[in-house]
Amino acid sequence: SNRRKTCFSSKNVYDSCKINAKICIDMLKSIYNKVFGRIFMDEQKNKDRIMQAATDLFQEKGPKFTMDELASALKMSKKTLYVYFTDKEDLFHHAVDHIFDSITDAKSKIITDETIELRERIIETLQVLPRQYQHIDFRQLYMLKDKYPRVYEHLSKRLESNWETTIELLEKGQREHVLRDFSIPVFKTIYESTLEHFFERDVLKANHISYPDALREVVEIIMNGISE
């Protein structure tokens, strides 16, 4: 009887330890998520602040602005800036991703919006430029090619990527006779090459054409041609 009681008591102690251990683990997980989740959110918030300030300086001075000027605009030490970005090239690299990720998100919303007519969805997808970037002077991007060739190469790669949903939309337009039959790879090449030409040279700046206006003109020519 005493032996059975001892075994029973040991089992209770073991079960109790298991329960307490689970509670402790759950508490630690909760604390970890709260602390590190907050750190991640604060880090992302600071990165977004830096990106916005860098965008404003780029609009004002092009890629010639300095990290000192950026730190001053943010009322932040340059040392703190380098916690988030190793140098100016790293900042530009992330800025390219930030812009193209925003464009991809905006495209996805348009493509999946069945309330917009198919032809209009195609046009909006091809000329989409998120509101927060409509004031940026993209005409100055050509200046990156000489000073930051790796950033410019990354920009070119992003321009050529994430075409899957756009291609599906174009194919849908062809199936539903909103668009005529044409070679989508040729279309993609023409579109990409035109935009890359805008980024590569000062053709827009020299002709006093804004990037959003040039983008709309390109899509207008592609969709409607140049015949009367």
Side-chain angles (χ1 to χ4, degrees), residues 48 51-52 54-56 58-59 62 92 94-145 151-228:
D48 289 343
M51 208 66 73
Q52 184 56 55
T55 299
D56 293 341
F58 184 90
Q59 174 63 13
F92 282 148
H94 280 83
V96 167
D97 283 335
H98 199 266
I99 290 169
F100 277 92
D101 287 346
S102 297
I103 290 172
T104 300
D105 290 343
K107 277 185 178 181
S108 297
K109 287 176 184 175
I110 294 167
I111 288 170
T112 56
D113 189 348
E114 297 288 341
T115 65
I116 306 174
E117 288 186 8
L118 183 53
R119 178 183 169 81
E120 193 57 36
R121 255 188 291 162
I122 293 167
I123 291 171
E124 287 190 26
T125 298
L126 293 174
Q127 64 185 26
V128 66
L129 191 61
R131 188 182 300 277
Q132 68 266 37
Y133 299 120
Q134 287 182 2
H135 71 288
I136 299 178
D137 192 356
F138 284 98
R139 299 173 303 177
Q140 301 193 76
L141 287 175
Y142 77 92
M143 296 169 70
L144 292 173
K145 190 173 183 181
V151 174
Y152 187 83
E153 183 184 352
H154 183 56
L155 185 151
S156 297
K157 284 180 181 176
R158 287 303 305 259
L159 189 62
E160 295 168 7
S161 65
N162 295 322
W163 267 85
E164 293 81 10
T165 53
T166 304
I167 288 172
E168 286 173 12
L169 191 66
L170 293 172
E171 289 172 342
K172 181 179 172 70
Q174 289 180 328
R175 286 194 305 272
E176 298 188 13
H177 305 293
V178 171
L179 301 175
R180 69 172 180 81
D181 286 336
F182 61 88
S183 170
I184 290 177
V186 170
F187 166 86
K188 180 175 178 287
T189 302
I190 292 170
Y191 182 88
E192 286 175 350
S193 299
T194 303
L195 298 196
E196 193 164 349
H197 191 79
F198 289 161
F199 296 151
E200 194 175 62
R201 305 185 183 186
D202 64 347
V203 59
L204 297 183
K205 206 171 183 68
N207 290 281
H208 311 291
I209 305 170
S210 71
Y211 178 75
D213 285 344
L215 189 57
R216 281 191 290 272
E217 185 73 15
V218 168
V219 176
E220 171 72 19
I221 291 170
I222 287 173
M223 294 297 290
N224 300 316
I226 57 174
S227 299
E228 282 288 353

Asker: Does a side-chain heavy-atom distance below 4.5 Å link Leu118 with Leu169?
Answerer: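 A side-chain contact exists here, since the closest heavy-atom pair is under 4.5 Å.
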Asker: When you look at Leu179 and Phe187, which way does the side chain to side chain contact (heavy atoms under 4.5 Å, CB included) test go after all the steps?
Answerer: CA-CA 12 Å; Leu179 301 175; Phe187 166 86; over 6 Å; no
Asker: Search all heavy atoms of Ser156 against all heavy atoms of Glu196 and return the closest pair with its distance.
Answerer: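 Looking at all heavy atoms of both residues, the shortest contact is OG-OE2, 3.3 Å.
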Asker: Output every pair passing side chain to side chain donor-acceptor pair (under 3.5 Å) with a member in residues 173-185, not counting sequence neighbours, ordered by first then second residue.
Answerer: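 For residues 173-185: Lys172-Glu176.
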Asker: Any side-chain heavy atom of Thr55 sitting closer than 4.5 Å to one from His98?
Answerer: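 Heavy-atom side-chain distance check fails, nothing below 4.5 Å.
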Asker: With the side chain counted from C-beta on, respond yes when Phe100 and Val96 share a heavy-atom pair under 4.5 Å apart, and no when they do not.
Answerer: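 Result yes, sub-4.5 Å side-chain heavy-atom pair found.
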Asker: Any side-chain donor-acceptor pair under 3.5 Å between Gln52 and Asp48?
Answerer: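 The answer is no; no qualifying pair exists.
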Asker: Quick check against the 3.5 Å criterion: does Tyr191 have a side-chain atom that pairs as donor or acceptor with the backbone of Val218?
Answerer: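 Answer holds: no.
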Asker: Strictly distance-based, threshold 3.5 Å: is any side-chain N or O of Arg121 a donor or acceptor partner for the main-chain N or O of Ile116?
Answerer: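 Between the backbone of Ile116 and the side chain of Arg121 there is a qualifying donor-acceptor contact (under 3.5 Å).
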Asker: Distance check, rounded to the nearest 0.5 Å: Ile221 atom CD1 versus Ile190 atom CD1?
Answerer: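 These two atoms lie 11.5 Å from each other.
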Asker: Charged N to carboxylate O below 4.0 Å: is that the case for Glu192 and Lys188?
Answerer: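 A salt bridge links Glu192 with Lys188.
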Asker: State the OG1-CG distance between Thr194 and Leu159, to the nearest 0.5 angstrom.
Answerer: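 The distance works out to 10.0 Å.
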Asker: To the closest 0.5 Å, what do you measure between CG (Leu204) and CD1 (Ile209)?
Answerer: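 Output value for this atom pair is 6.0 Å.
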Asker: So do the side chains of Trp163 and Ile184 get within less than 4.5 Å of each other, counting heavy atoms only?
Answerer: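 They are not in contact (no side-chain heavy atoms under 4.5 Å apart), so the answer is no.
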Asker: Indicate yes or no: at least one non-hydrogen side-chain atom of Asp97 is less than 4.5 angstrom from one of His154.
Answerer: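 Counting from C-beta outward, Asp97 and His154 do come under 4.5 Å.
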Asker: Just wondering, do Lys107 and Glu124 contact through their side chains at under 4.5 Å, heavy atoms?
Answerer: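 They are not in contact (no side-chain heavy atoms under 4.5 Å apart), so the answer is no.
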Asker: Do the side chains of Asp113 and Lys109 get nearer than 4.5 Å, heavy atoms only?
Answerer: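 They are not in side-chain contact.
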Asker: Could you note down all residue pairs passing ring-ring contact (aromatic ring centres under 6.0 Å, His included) where residues 107-129 supplies at least one of them, sequence neighbours left out?
Answerer: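 ring-ring contact (aromatic ring centres under 6.0 Å, His included) check on residues 107-129 returns no pairs.
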Asker: Find the distance between CG (Leu144) and CZ (Phe92) and round it off to the nearest 0.5 Å.
Answerer: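 With rounding to 0.5 Å, CG (Leu144) is 6.0 Å from CZ (Phe92).
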Asker: So, Ser210 versus Asp213: side-chain donor-acceptor pair below 3.5 Å or not?
Answerer: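 Ser210 vs Asp213: donor-acceptor pair found between side chains.
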Asker: Please round to the nearest 0.5 Å and tell me the distance separating atom CD1 of Ile122 and atom CE of Met223.
Answerer: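 So the gap between those two atoms works out to 5.5 Å.
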Asker: How about Pro212 and Arg216: do any of their side-chain heavy atoms sit closer than 4.5 Å?
Answerer: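 Yes, close enough: below the 4.5 Å cut-off.
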Asker: Distance from His94 atom NE2 to Asp101 atom CG, nearest 0.5 Å?
Answerer: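 It comes to 10.5 Å.
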